[in-house]
Protein chains: 2
Amino acid sequence: MSTTTRGRAERRPSITDVAKRAGVSVGTVSNVLNRPDQVSDATRDRVLVAIEELQFVRNASARQLRAGTIQTVGAIVLDIANPFFTEVARGVEDRLAADEYTLMLSSSDEDPEREARYLRLFEEHGVQGVMVTPSAGSLDTLLALRDRGIDVVLLDTTSPVDDISSVAVDDVRGGALAIEHLVSLGHTRIAFINGPLTIKQCQDRREGVLSALADAGLEPAEALVEITIGSLNADGGEAGINELFALPGDRPTALFCVNDLTALGALRALRAHGVAIPGEMAVVGYDDVVFASMLTVPLTSVRQPTHQLGWTAADLLLRQRSEGASFLHQRVQFQPELVVRGSSDPSA
Amino acid sequence: MSTTTRGRAERRPSITDVAKRAGVSVGTVSNVLNRPDQVSDATRDRVLVAIEELQFVRNASARQLRAGTIQTVGAIVLDIANPFFTEVARGVEDRLAADEYTLMLSSSDEDPEREARYLRLFEEHGVQGVMVTPSAGSLDTLLALRDRGIDVVLLDTTSPVDDISSVAVDDVRGGALAIEHLVSLGHTRIAFINGPLTIKQCQDRREGVLSALADAGLEPAEALVEITIGSLNADGGEAGINELFALPGDRPTALFCVNDLTALGALRALRAHGVAIPGEMAVVGYDDVVFASMLTVPLTSVRQPTHQLGWTAADLLLRQRSEGASFLHQRVQFQPELVVRGSSDPSA
DNA sequence: TGAGGTCTGTGAATCGATTCACTACGCTGC
DNA sequence: GCAGCGTAGTGAATCGATTCACAGACCTCA
């Protein structure tokens, strides 16, 4: 295909090079690229030939510098390796594609510093808006970002302020659903493997856990064994179980994991410890990821509308952008749903 | 934190605004940002105060335009939602971080057009190199890219040409491992749910399948039932099984799926059809993803060194960059490993 | 006293694409 | 014969950060 090889050191051809080669002005080349119908057929062809010969590729930096903005938004999720977030991201992409926006996707790995770094990177690159699953304390940063003209929508968490929109699932209800279910099965001593409370989802689910316990007349101090892990993945879940089993006192008969990835690791560790599920330990996860129903013991889980979550967040962001000052900020909240399977209920 | 609100329409402050406010020249502001020790303490403080007051954020486009290049490489994988690729991406990131490079990650979804679009996007943005799991026919594009000074490393596929490096796992061997295993268990009629042969991995694994059958003295026409699916995920696997069950003739007693996600869907469909595993159908997957060992019937799978795959690809890319013309292109190939579990071998 | 050196800071030139006021040309119609 | 108009194409100005040759201030030492 290409016969001319350009050495590493040579600089890539610019619009000026194309113009020279085609014997036209830079303005005309730009017109060929952006308003082809304003150029005569003969000239357009000459320019296109020159572009082809020089293997010209537009310089996005120069373009953006002049334009000032790009049709791009950024998204920062907690963990790109978690199927829950990839499904959410897919929802975001689907909505963005309709308006020809591009997505810059990053994972904060639940680290506020990484989150801040990516936010800055996005801003430096001139994105029009960001969707963030924020860590605690980043609200000020986000408000400042908004004040600098970059639209912000919170993803998978409810906005604490009125002038930033959010799309979330009722995590308090979700946590309560899990515990109500376990309590209804007769469990009175329940382990809860949770992430750090700096993550809003963890905090909310915990609140649901506590309120459900209270509703059931159970005292958290006796009924609940809380284990806090550092990362919400399979390794974290495994570590959580090992920590639980190292504790003195009565072992709980039920376990609620803050997400399915964690539950997967917990199940792995429980198996290693030779614990029967749900006989000796009933287990409930959260997210209902694709493999939850297919595990050795199918996992009871709290399901969330992932694709819709992402789609709606992107939709809010784009509408905020287009409607400007008339846009009404809103907190969209979806309801979670408990899917009962064998890991908690032998009859399921 | 921020008290001054900037309206949407106002343009963001530039280095010139900062300079004016601090009563210095733009050169000095730039020095504060890039060579702080060349500026006196008093001046530096004045500038930093101005930056804080104006909420100044560097404009990445202007920066890159001047610099000509950025410490960024792009990667395009087949499916970001596949745990295999997220693990590979993690390996890439880990290597890049050491040299303070950033990663732009995209998923081609096995679509050559999407792949081409992202390649162009990366190029326009001035990345220094790309790692690609290419689709068929994109070699010319990649060679041209390389000729334009952008380093290319093929990811998870062996390079067909001597002057482009690649990092891969021996997929032919992997396919053979799976079949040898099934044959050794006595299976003589095997279904193979594979993706389109335009995907090199699918083609290679198939080659391994055929060679292993030949070695076992089996005739593919009789011993092998090939099902081709469009997307290598759980839905594809489910569709594959439904297609298989709609076929006339003897039903195979074993199944090899081109990856674990596909196997997951296949298992789901097999369960729906009430098929006993491995009794009526032995199943082998590929990738040994995190949940493979935890399924209802633990999945026999071909394991690949994911993290190392990504790490090595990034390492080659960076070394190619730094060593320049003296760099020797190479094809790195890792060996896969069969992990036998209950889905194929009841005694496992 | 002045040559030479160090330390700070200056500001014009640069990167490449886009835009827009303007020119040139050809054509129509009176 | 020329005003008026539309079409095609021009090229200087612009976006914002970086760089670099240079200037000014101040000090040292012969």
Side-chain angles (χ1 to χ4, degrees), chain A residues 6 9-48 50-51 54-71 120-121 123-127 148-149, chain B residues 9-48 50-51 54-71 120-121 123-128 148-149:
Chain A
R6 178 154 53 245
E10 264 175 81
R11 93 180 195 307
R12 42 197 275 214
S14 74
I15 207 178
T16 313
D17 300 323
V18 173
K20 271 196 198 114
R21 176 139 196 156
V24 297
S25 74
V26 292
T28 301
V29 176
S30 179
N31 282 337
V32 168
L33 294 172
N34 302 304
R35 295 172 219 79
D37 43 323
Q38 282 188 21
V39 182
S40 73
D41 289 359
T43 310
R44 180 169 355 108
D45 287 350
R46 275 219 317 289
V47 172
L48 290 176
I51 286 177
L54 293 174
Q55 296 262 314
F56 165 76
V57 175
R58 260 201 189 77
N59 181 321
S61 303
R63 217 168 172 214
Q64 280 173 40
L65 174 58
R66 187 64 229 264
T69 180
I70 40 171
Q71 299 278 93
R120 171 155 284 258
L121 209 65
E123 185 176 11
E124 290 184 354
H125 277 85
V127 301
R148 275 179 253 131
Chain B
E10 262 175 82
R11 95 181 191 306
R12 42 196 277 213
S14 75
I15 206 177
T16 313
D17 301 322
V18 173
K20 271 196 196 112
R21 177 139 196 155
V24 297
S25 75
V26 292
T28 301
V29 176
S30 179
N31 281 336
V32 169
L33 293 172
N34 302 305
R35 296 172 220 78
D37 44 323
Q38 282 189 22
V39 182
S40 72
D41 289 359
T43 311
R44 180 168 358 108
D45 288 350
R46 277 220 315 291
V47 172
L48 289 176
I51 286 177
L54 293 174
Q55 295 263 315
F56 165 76
V57 175
R58 258 199 188 81
N59 181 322
S61 302
R63 223 174 166 208
Q64 279 173 41
L65 174 58
R66 186 65 230 262
T69 181
I70 40 171
Q71 299 278 93
R120 171 155 284 258
L121 210 65
E123 185 176 10
E124 290 184 353
H125 277 85
V127 302
Q128 299 201 2
R148 274 178 254 133

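These numbers were taken from a predicted model, which means no experiment stands behind them. Per chain, numbering begins at 1; letters A, B, ... match sequence-line order.
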Asks: Does some side-chain heavy atom of Val47(B) sit less than 4.5 Å from a side-chain heavy atom of Val39(B)?
Replies: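 No, their side chains stay 4.5 Å or more apart.
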
Asks: Round to a whole Å and report the spacing from CG of Asp41(B) to C1' of dT8(C).
Replies: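 One finds 12 Å between C1' of dT8(C) and CG of Asp41(B), rounded.
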
Asks: Please state whether the phosphate of dG9(D), meaning OP1 or OP2, lies under 4.0 angstrom from any side-chain nitrogen or oxygen of Ser40(A).
Replies: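 Checking Ser40(A) against dG9(D): at least one side-chain N or O falls below 4.0 Å of OP1 or OP2.
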
Asks: Between Phe56(B) and Leu33(B), what is the shortest heavy-atom contact and its length?
Replies: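 Shortest heavy-atom contact: CE2-CD1, 3.9 Å.
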
Asks: When you measure from the side chain of Glu124(A) to the backbone N and O of Val57(B), does any donor-acceptor pair fall under 3.5 Å?
Replies: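 Judged by distance alone, no pair lies under 3.5 Å.
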
Asks: Would you mind reading off the distance between Arg44(B) atom CZ and dC7(C) atom C1', rounded to a whole angstrom?
Replies: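 Those two atoms, CZ and C1', are 14 Å apart.
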
Asks: Counting only side-chain N and O atoms of Arg63(B), is one of them less than 4.0 Å from OP1 or OP2 of dC15(C)?
Replies: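 So the side-chain polar atoms of Arg63(B) never come under 4.0 Å of the phosphate oxygens OP1 or OP2 of dC15(C).
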
Asks: To the closest 0.5 Å, what do you measure between NZ (Lys20(B)) and CG (Leu54(B))?
Replies: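 Spacing of NZ (Lys20(B)) from CG (Leu54(B)) equals 11.0 Å.
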
Asks: Just call it for Arg35(A): base, sugar-phosphate, or nothing, with non-hydrogen atoms closer than 4.0 Å on any strand.
Replies: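 Sugar-phosphate only.
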
Asks: Which nucleotide in the list dA17(D), dC15(C), dA17(C) gets nearest to the side chain of Asn59(B)?
Replies: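 My answer, after comparing the listed nucleotides, is dA17(D).
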
Asks: Using five base pairs at each end, measure the axis-to-axis angle across the helix from dT1(C)-dA30(D) to dC30(C)-dG1(D) and round it to 10 degrees.
Replies: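 The end axes of the helix from dT1(C)-dA30(D) to dC30(C)-dG1(D) are about 60° apart, to the nearest 10°.
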
Asks: Using modelled atom types only, decide if a donor and an acceptor are shared between the side chain of Arg46(B) and the backbone of Ala22(B) within a distance under 3.5 Å.
Replies: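 Judged by distance alone, yes, a pair lies under 3.5 Å.
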
Asks: Strictly distance-based, threshold 3.5 Å: is any side-chain N or O of Arg12(B) a donor or acceptor partner for the main-chain N or O of Arg58(B)?
Replies: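 Yes, Arg12(B) side chain to Arg58(B) backbone: donor-acceptor pair under 3.5 Å.
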
Asks: Look at the side chain of Asp17(A) and the backbone N and O of Ser14(A), then say whether any donor-acceptor pair between them is shorter than 3.5 Å.
Replies: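 It does hold such a pair.
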
Asks: Atom CD of Gln38(B) and atom P of dT18(D): how far apart are they, to the nearest Å?
Replies: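 Rounding to the nearest Å, CD of Gln38(B) and P of dT18(D) are 14 Å apart.
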
Asks: Measure across Leu65(B) and Ser61(A) and return the closest heavy-atom pair with its distance rounded to 0.1 Å.
Replies: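 Closest pair (atom of Leu65(B), atom of Ser61(A), distance): N-CB, 3.9 Å.
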
Asks: What's the CD-P distance between Glu124(A) and dC15(D), to the nearest Å?
Replies: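 Checked: the CD to P distance equals 20 Å.
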
Asks: From the list dG9(C), dT18(D), dA17(C), which nucleotide is the closest neighbour of the side chain of Thr43(B)?
Replies: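 Nearest to the side chain of Thr43(B) among the choices is dG9(C).
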
Asks: Could you write out each protein N or O paired with an N or O of nucleotides 10-13 of chain D at a distance under 3.5 Å?
Replies:
| unit_1 | atom_1 | unit_2 | atom_2 | d |
| --- | --- | --- | --- | --- |
| dT10(D) | OP2 | Ser25(A) | N | 2.8 |
| dT10(D) | OP2 | Ser25(A) | OG | 3.0 |
| dT10(D) | OP2 | Thr28(A) | OG1 | 2.6 |

Asks: Restricting to non-hydrogen atoms, name the atom on Ile70(A) and the atom on Gly126(A) that form the minimum distance, rounded to 0.1 Å.
Replies: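 Result for this residue pair: CG1-O, 3.4 Å.
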
Asks: Taking atom P of dT14(D) as reference, at what distance in whole Å does atom CD1 of Ile15(A) sit?
Replies: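 After rounding, the reported distance stands at 19 Å.
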
Asks: Base, sugar-phosphate, or nothing: which does Val39(A) touch, judged by heavy atoms less than 4.0 Å apart?
Replies: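 The residue Val39(A) makes sugar-phosphate contact but no base contact.
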
Asks: Between Arg46(B) (CZ) and dG9(C) (C1'), how many Å, whole number?
Replies: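 Value for this atom pair: 11 Å.
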
Asks: Could you tell me how far apart Asp17(A) (CG) and dC15(C) (P) are, to the nearest whole angstrom?
Replies: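 Atom-to-atom, Asp17(A) to dC15(C), this comes out as 11 Å.
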
Asks: Quick one: does Leu121(B)'s side chain get under 4.5 Å of His125(B)'s, heavy atoms only?
Replies: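 Touching, per the 4.5 Å side-chain cut-off.
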
Asks: How many whole angstroms separate atom CG of Asp37(B) from atom C1' of dG9(C)?
Replies: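 Nearest whole value for this atom pair: 15 Å.
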
Asks: Quick check on dT18(D): is either OP1 or OP2 less than 4.0 Å from any side-chain nitrogen or oxygen of Asn34(B)?
Replies: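 So the side-chain polar atoms of Asn34(B) do come within 4.0 Å of the phosphate oxygens OP1 or OP2 of dT18(D), strictly under.
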
